[in-house]
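Just so you know, these numbers come straight off a predicted model, no measurement behind them. Numbered from 1 within each chain, the chains take letters A, B, ... in sequence-line order.
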Amino acid sequence: MSKPRVLYWFRTDLRLHDSPALKAALDLKPEAFYPIWCWDSHYVYHSRVGPNRFQFLIDCQNDLSQSITKLNKNSKLFVLREPAVTLLPKLFKAWKISHLVFEKDTDAYAKDRDAQIMEQARKAGVEVIVRSGRTLWDSDEVVKVNKGKPTMSISQLQAAGAKVGEIEPVVETPKSLPDPGDLELDIEQTQPKPDWDMNEQFRDAKETSYSSGIAGPNNDFAVPTLEELGMKPATSPHKGGETIVLKMLDSILADEDYTGTFEKPKTSPAAFEPQSTCLTSPHLHFGSLSCRYFYHKVLEIVEKRRKAKQSVSDPPTSLTGQLLFRDMYFAAQASLGYSFGQTYNNSHCRFIPWHLPSKVDVTSGLVTGGYEVDDPGKEVWLKRWAHGKTGFPWIDAIMRQLRQEGWIHHLARHSVACFLTRGGAYISWERGAEVFEELLIDHEAACNIGNWQWLSCTAFFSQFFRCYSPVAFGKKWDDNGDFIRRYVPELKGMPKKYIFEPHKAPIQDQKKAGVVIKGDGEEAEIDGVVCYPKPMFDFPTQRDICLERMKNAYRVGLYGNDAKVLDGTWKKAFADGAEGPTEGKKGGPGGLSVCEDTDGGEEVNGSDEVNHDVTSPPAKAKKAQAGGSRATPMKGQSDSPRVTRGHKREHSQSTLEDSFKKKAK
DNA sequence: TGGTGGGTTGTGTAT
DNA sequence: CATACACAACCCACC
């Protein structure tokens, strides 16, 4: 029998340390070992990925590639410019592959893709080895012991985890790697032909990462660059890569007081340079840091301190607790699949008649990526929120930090998410999740969706009367307003007294501070004076409206998979004068508006109100059909050759970003 | 089974 | 300055 020839497929496990899948591959003692990455058009075109997260990915890939080369000068991370579903069957033959090995992936899209790949491997006679390593416990195992149900609380996750068993111990980092085999590739590249490009807004130039063949412009399987993606340089100061994060982790662990007594709710969302938490989340996302390694290392310190009778923190607030929450969201996603990422047809997400609800393809039961503009004014609110121009300095500082740096503190996320949804604008959490998906370097579909549901009180959490104030909450952490002055420089001269509510500053004080508080965020200057917008609404008024509506929605008690939601008759239950879609005339089944199934996306029964974003938009709310993916996108949009879906309408839409850019000029 | 206490991360006021 | 409580009332685990 001939020796194994192994294709090791790196995905979100961009590391050499503590990788059960990598160990399984090396245990085969292969005669040829190909560490590869498939440059997936799902990621390039069909997921919302801004330059900051792309750069972070590229950093991780380059670092890993160098680490591989250090172990074997003939090897590297071979980046192949083609999606896996078309590429791998060809590679199996070209490189005479006997084994395909990868770490188990968890989100709905990846599961579909991997199922296809495993079928292709079976047909090609290639043995597939899959190991879990992305979460503390295998999420499918957690779901199984939780009776198939999603883990909706941390206690459920802990109970299920205990039943699954001990968290796997750390796997040794390889000290050497086998040679790759022959690298000749006499195969035709199947170039993805995207029908639309979700990241067009981020590109100054043409996207060319596929145009120079499978091995890239220098024929050396190099990692693509942002330039090739046609993107502007990243603006985030945070860098990716296993080497960097292992050093970061060392310094975190060296501070045993910090590590051992960490309590998340006591860390400040307003701290910058340095931040109050450890910035490991993007590394956990890309797998440049193993969550299990992190967990065991922290636990060692906690146990050591416990023995020494030193103070320690425990889940859920401790560092290990944060990793448990991550597992909770992963297992919830594993149970619910695509429906986890949306309200419609989600058995565990409360139905609340938010503004700007997602459009739904009723034949598939999945969101289309578009949304209904039930009220142009709410569209303006969404844009102002997304661009940090709400007129609430605390909110704006956070949103600008997010856009610039790609990372904000967890409590800052709470504050802005509450503000957009149940505690302010009453806009669908799905809109907020999309903006975070674009901008966060640590965007993890399961965690992002889960946290948005949490904050909007649609799942995981329900105490909607606990409402964050855009003024009081910020003051608690940043009484002096330094965080605001850092990210909202218009206000850097504003005295402490008015920094959280600059519109309350008398005009003389505004002049002295070198800023005028005026308008709605469209002008940067008025008559040569720097301008900062007035608040986009009266917060106490909006809070009261939201509380009232949340109470009503809870009383009605519908979930996303309720028959009344699925067929649109939910409106009858909300006939008591709530605004927007709850008035009952607008929107199609589900009240979430309908996108006719497969091609073109014409409305089935939308009234003319439903689609004014397509025709002539109101002056205030230029169309913003941000052709969004859910983090768990609909099936037809995958790289799958099975289905193609027209997306012309969304494609031709300008985006949130575009319309704001135009105004800025 | 129904009552009860707790729930990583609210606010404003009173003591 | 810290602590307690009302606010109006949620879900859920557990006894």
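- A straight line from CD of A:Glu548 to P of C:dC10 spans 13 Å, rounded to a whole angstrom.
- Partners of A:Val145 according to the side-chain contact (heavy atoms from CB on, under 4.5 Å) rule, which considers only residues two or more places apart in sequence or in another chain, are A:Ala160, A:Lys163, A:Val164.
- Annotation: C:dC15 and B:dT1 have their C1' atoms spaced 11 Å apart (nearest Å).
- Aromatic ring centres of A:Tyr559 and A:Phe351 lie farther apart than the 6.0 Å criterion allows.
- The nearest whole Å value for the distance from the NZ atom in A:Lys264 to the C1' atom in B:dG7 is 17 Å.
- Here, B:dT9 and C:dC1 have their P atoms 25 Å apart, quoted to the whole Å.
- Contact annotation for A:Leu547: no contact, since no heavy-atom pair falls under 4.0 Å across all strands.
- Distance CG (A:Asp327) to P (B:dT8): 16 Å, rounded to an integer number of Å.
- For the atom pair A:Ser462 OG and A:Arg422 CZ, the distance stands at 9.5 Å (nearest 0.5 Å).
- Rounded to whole Å, the P atom of B:dT8 lies 13 Å from the corresponding atom of C:dC14.
- Counting non-hydrogen atoms under 4.0 angstrom, A:Trp454 reaches a base of the nucleic acid.
- Salt bridge A:Arg48/A:Glu434: present, at least one basic N to carboxylate O contact under 4.0 Å.
- A centroid separation of less than 6.0 Å is found between the aromatic rings of A:Trp452 and A:Phe436.
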Subject >> side chain to side chain donor-acceptor pair (under 3.5 Å) between A:Ser358 and A:Arg431, intermediate numbers included >> reply: CA-CA 8 Å; A:Ser358 295; A:Arg431 304 289 75 73; 3.0 Å; yes
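- Residues that satisfy the side-chain contact (heavy atoms from CB on, under 4.5 Å) test with A:His348, not counting sequence neighbours, are A:Pro150, A:Met152, A:Leu336, A:Asn346.
- Listed pair A:Lys551 / C:dA9 meets the phosphate criterion, a side-chain N or O lying under 4.0 Å from OP1 or OP2.
- The side-chain contact (heavy atoms from CB on, under 4.5 Å) test applied to A:Ala271 returns A:Ser268, A:Ser276, not counting sequence neighbours.
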Is there any protein nitrogen or oxygen under 3.5 Å from a nitrogen or oxygen in nucleotides 12-15 of chain B, and what are the pairs?
none

**OP:** Any chance you could encode DNA chain C as dot-bracket? Rule is Watson-Crick or G-U wobble with both distances under 3.5 Å; [ ] for pairs crossing earlier ones, | for another strand.
**Re:** .||||||..||||||
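- A:Phe500 and A:Phe392 have their aromatic ring centers separated by at least 6.0 angstrom.
- Atom CD of A:Gln158 and atom C1' of C:dC14 are 15 Å apart (whole Å).
- Taking the six-membered ring for Trp, A:Phe464 and A:Tyr554 have ring centres closer than 6.0 Å.
- Between the P atom of C:dC10 and the CG atom of A:Asn552 lies a distance of 13 Å, rounded to the nearest Å.
- Not less than 6.0 angstrom separates the ring centroid of A:Phe483 from the ring centroid of A:Trp477.
- Here the CG atom belonging to A:Leu323 is positioned 13.0 Å from the CE atom belonging to A:Met328, to the nearest 0.5 angstrom.
- With sequence neighbours left out, the side-chain contact (heavy atoms from CB on, under 4.5 Å) criterion links A:Gln158 to A:Ile154, A:Pro315, A:Leu324.
- Here SG of A:Cys418 is found 6.5 Å from CG of A:Leu455. Values are rounded to the nearest 0.5 Å.
- For DNA chain B, the neighbouring residues in residues 404-426 of chain A, judged by any heavy atom under 4.0 Å, are A:His410, A:Leu411, A:His414.
- Using a 4.5 Å heavy-atom threshold, the side chains of A:Asp562 and A:Trp570 count as separate.
- Two residues are said to be in side-chain contact when any heavy atoms from C-beta on lie closer than 4.5 Å; A:Lys111 and A:Asp140 meet this criterion.
- Using a 4.0 Å cut-off on heavy atoms, the residues of residues 461-468 of chain A that approach DNA chain C are A:Ser462, A:Gln463, listed by number.
- Checked against a 6.0 Å centroid threshold, the rings of A:Phe56 and A:His238 do not count as neighbours.
- Atoms CE (A:Met328) and P (C:dA13) sit 12 Å apart, rounded to a whole Å.
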Original post:
Just by protein heavy atoms under 4.0 Å, how would nucleotides 1-6 of chain C read 5' to 3' in B, S and -?
Top reply: ------
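- Rounding to whole angstrom units, CZ of residue A:Phe539 and P of B:dG10 are separated by 13 Å.
- Among the heavy atoms of the strands, none lies under 4.0 Å from A:Glu263.
- Near DNA chain B, meaning a heavy atom under 4.0 Å from it, residues 137-152 of chain A has no residue at all.
- Here A:His296 pairs with nothing under the ring pair (Phe, Tyr, Trp, His ring centres under 6.0 Å) rule; sequence neighbours left out.
- Using a 5.5 Å limit on the distance between ring centres and a 30° limit on the angle between planes, the aromatic ring of A:Tyr554 does not count as stacked on the six-membered base ring of C:dC10.
- Side-chain rings of A:Phe419 and A:Phe537 approach one another, their centers coming within less than 6.0 Å.
- Scored by the side chain to side chain donor-acceptor pair (under 3.5 Å) test, A:Lys266 finds A:Glu263 as partners (sequence neighbours excluded).
- A distance of about 13 Å separates the C1' atoms of C:dA9 and B:dG7, rounded to the whole Å.
- Put simply, CZ on A:Phe262 is 14 Å from P on B:dT9, counting in whole angstrom units.
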